Number of protein chains: 2
Amino acid sequence: MPDTPVRVLVADDEPLVRSGLRLILDAEPDLEVVGEAGDGAQAVELARTLRPDVVCMDVRMPGVDGLRATELVLRLPEPPRVLVVTTFEHDGYVLDALTVGASGFLLKRAGADEMVQAVRTVAVGQSLLYPQALRDLVRTRPRATAGAPVLTPREREVLGLVAQGMTNAEIATALVVGVETVRTHVASVLAKLQARDRTQAVVLGYRAGLVEL
Amino acid sequence: MPDTPVRVLVADDEPLVRSGLRLILDAEPDLEVVGEAGDGAQAVELARTLRPDVVCMDVRMPGVDGLRATELVLRLPEPPRVLVVTTFEHDGYVLDALTVGASGFLLKRAGADEMVQAVRTVAVGQSLLYPQALRDLVRTRPRATAGAPVLTPREREVLGLVAQGMTNAEIATALVVGVETVRTHVASVLAKLQARDRTQAVVLGYRAGLVEL
DNA sequence: GCCGATATCCCCCGGCCGGGGGAGTGGGCG
DNA sequence: CGCCCACTCCCCCGGCCGGGGGATATCGGC
């Protein structure tokens with residue numbers, strides 16, 4: 001199946017890491033490491049001249065860092081796919097890396113086979129990340145209506161207005177009902193969400209997917 | 001390298017699609033289709049008895065649909081990875097699928113090699129989706145720090161705790177300062193965000209990218 | 001050395017909020 | 001028909017909140 005091997009460029013400021021990656025990837029008949037870069041600027045330059053299919057890009061590098069380098073690499077004509085690699089799990093680079101257009105995000109402590117698989121995956125044009133990163137991305141959009149407290153339509157409506165920052169009086173006006181009624185609804189919402197305040201109600205309601213912000 | 005082949009269960013209500021997938025996957029020496037399910041209930045049952053490594057799950061199926069089936073499959077002891085497959089690009093299933101814990105999301109019009117690669121990728125425990133889906137996920141995170149009011153570090157910290165639903169007294173305890181101090185910081189935050197109350201502050205702060213929820 | 005920004009603390013007061021009760025209407029379902 | 005639920009309204013009260021003043025200390029920069 002591998003008519004021509006996938007051409008890979010490795011960019012990392014640690015020579016040891018570069019050697020390790022080269023060993024791992026070159027061991028596969030369908031992968032071929034065509035170059036190594038020690039910083040972001042070099043990575044961009046080599047990507048331009050060597051025209052690899054995939055760039056394995058470290059995030060932390062001296063000078064031009066991995067994210068900036070990724071941006072620049074992706075501006076090349078017929079750009080390679082960029083697989084961003086980092087050491088630590090929760091350093092918040094994931095979102096930034098994906099925003100600038102990386103095809104994947106991988107941890108350095110991934111096994112050799114995972115690394116190989118990842119290169120192949122982005123080579124065919126798919127996107128990939130380690131499971132926790134995906135979960136983090138999804139978590140920020142918690143369409144978690146599952147297991148959420150059951151609010152009546154009116155209660156959801158009131159919660160929505162509470163989340164707009166409206167006072168009970170304003171909500172009463174908006175819904176054309178008495179303030180006392182609103183107070184009752186708010187009280188129900190607080191009880192159901194187990195919130196002490198309207199502020200907590202907004203946060204919990206948001207997390208439960210009951211309100212949009 | 002493939003000591004034992006990856007065991008795959010195919011779930012799709014179209015017999016033609018099942019046959020196609022079987023042909024594609026069985027052609028690979030390291031992949032082995034161990035069963036086919038025609039609906040969600042069957043998929044769950046076969047996943048339980050056959051104990052595959054990966055389930056290729058169609059979203060639209062009669063009876064128990066793919067998403068529900070995915071949830072159930074993932075509740076099995078030592079569950080397989082689930083690769084959700086669908087026909088259309090923008091049907092909004094992506095987020096739901098990932099929320100219920102799918103490891104990947106793929107389009108049916110993906111080529112044979114992409115499909116094979118995808119199965120291998122999720123088999124080693126990574127997550128994958130087609131590039132546009134990832135872009136959509138990222139796009140929904142505005143990160144609109146641009147033009148946001150400038151809060152001092154302490155003010156951001158206080159706002160963060162306010163967003164947890166804490167009262168001024170609790171925040172004071174948490175930060176080991178007087179309640180009056182917290183009141184001052186909160187007042188500054190309200191002024192800078194032009195919020196009338198802490199509830200509005202949370203919402204505005206969230207929209208401005210100043211707090212995470 | 002002065003000034004601005006930041007962070008800390010203090011007082012008064014009006015108001016909205018949230019908890020505790022109670023109570024009447026209508027609609028849906030057994 | 002009777003029951004339950006959702007929706008509506010009412011009263012009292014304690015507490016936290018937010019606006020209005022002001023005060024002190026530290027740090028960094030011009």
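All values reported here derive from a predicted model rather than from experimental measurement. Order of the sequence lines fixes the chain letters, A, B, ..., with proteins taken first and strands second; residue numbering starts at 1 for each chain.
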**Q** Rounded to whole Å, how long is the line connecting atom CD of Gln200(B) with atom C1' of dG18(D)?
**A** 13 Å

**Q** Which listed nucleotide (dC7(D), dC9(D), dT8(C)) is nearest to the side chain of Arg154(A)?
**A**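 The listed nucleotide nearest to Arg154(A)'s side chain is dC7(D).
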
**Q** Using the side-chain heavy atoms of Asn168(B), tell me which of these nucleotides is nearest: dC7(D), dC17(C), dG18(D).
**A**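 In terms of side-chain proximity for Asn168(B), the closest of dC7(D), dC17(C), dG18(D) is dG18(D).
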
**Q** Taking 4.0 Å as the cut-off, does a side-chain nitrogen or oxygen of Thr181(A) come that near to OP1 or OP2 on dC7(D)?
**A**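 Checking dC7(D) against Thr181(A), no side-chain N or O comes under 4.0 Å of OP1 or OP2.
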
**Q** Quick one: Ile171(B) CD1 to dG18(D) C1', roughly how many Å, whole number?
**A**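 It works out to 14 Å between those atoms.
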
**Q** Starting at atom CD of Glu180(A), determine the distance to atom C1' of dC17(C), rounded to an integer number of angstrom.
**A**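 After rounding, the gap between these two atoms is 12 Å.
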
**Q** Between atom NZ in Lys192(A) and atom P in dC7(D), what is the gap in whole Å?
**A** 8 Å

**Q** State, yes or no, whether a side-chain contact exists between Val189(A) and Val162(A) at a heavy-atom distance under 4.5 Å.
**A** no

**Q** Under 4.5 Å between any side-chain heavy atoms of Val6(B) and Arg120(B), yes or no?
**A**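 With C-beta onward as the side chain, the pair stays apart.
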
**Q** Ignoring backbone atoms, test whether Arg196(B) places a side-chain nitrogen or oxygen under 4.0 Å from the OP1 or OP2 oxygen of dG18(D).
**A**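 It does not, given that no N or O in the side chain of Arg196(B) lies less than 4.0 Å from OP1 or OP2 of dG18(D).
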
**Q** Do the side chain of Thr167(B) and the base of dC17(D) come within less than 3.5 angstrom through a donor-acceptor pair of N or O atoms?
**A** no

**Q** Counting only side-chain heavy atoms from C-beta out, which of dC10(C), dG19(C), dG18(D) sits nearest to Thr184(B)?
**A** dC10(C)

**Q** Specify the separation, in whole Å, of atom CD of Glu155(B) and atom C1' of dA5(C).
**A** 10 Å

**Q** Starting the side chain at C-beta, find the nucleotide from dC17(D), dT8(C), dA7(C) nearest to Pro153(B).
**A**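 Shortest atom-to-atom distance from the side chain points to dA7(C).
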
**Q** When the distance from CZ of Arg198(B) to P of dC16(C) is rounded to whole Å, what number comes out?
**A**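 Atom-to-atom, Arg198(B) to dC16(C), this comes out as 17 Å.
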
**Q** Say you draw a straight line from OG1 of Thr181(B) to CG of Leu175(B); how long is it, rounded to the nearest 0.5 Å?
**A** 9.5 Å

**Q** Let's see if you can work this out: which of dA7(C), dC10(D), dG18(C) has an atom nearest to the side-chain heavy atoms of Arg183(A)?
**A**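 Shortest atom-to-atom distance from the side chain points to dG18(C).
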
**Q** Would a 4.5 Å heavy-atom cut-off, applied to side chains only, mark Gln126(A) and Leu106(B) as touching?
**A**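 Side-chain contact under 4.5 Å: yes.
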
**Q** What is the distance from CE of Met166(A) to C1' of dC16(C), rounded to the nearest Å?
**A** 15 Å

**Q** Any donor and acceptor pair, going by atom type alone, linking the side chain of Gln42(A) with main-chain N or O of Asp39(A) inside 3.5 Å?
**A**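 Pair absent, no side-chain N/O of Gln42(A) close to backbone of Asp39(A).
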
**Q** Could you state the CD-P distance from Glu157(A) to dA6(D), rounded to the nearest angstrom?
**A**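 These atoms are roughly 15 Å apart.
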
**Q** Suppose we call a contact any N or O donor and acceptor under 3.5 Å apart; does that hold for the side chain of Thr152(A) and the base of dC7(D)?
**A** no

**Q** Could you check which of dC10(C), dG18(C), dA7(C) has an atom nearest any side-chain atom of His185(B)?
**A**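 Nearest listed nucleotide: dA7(C).
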
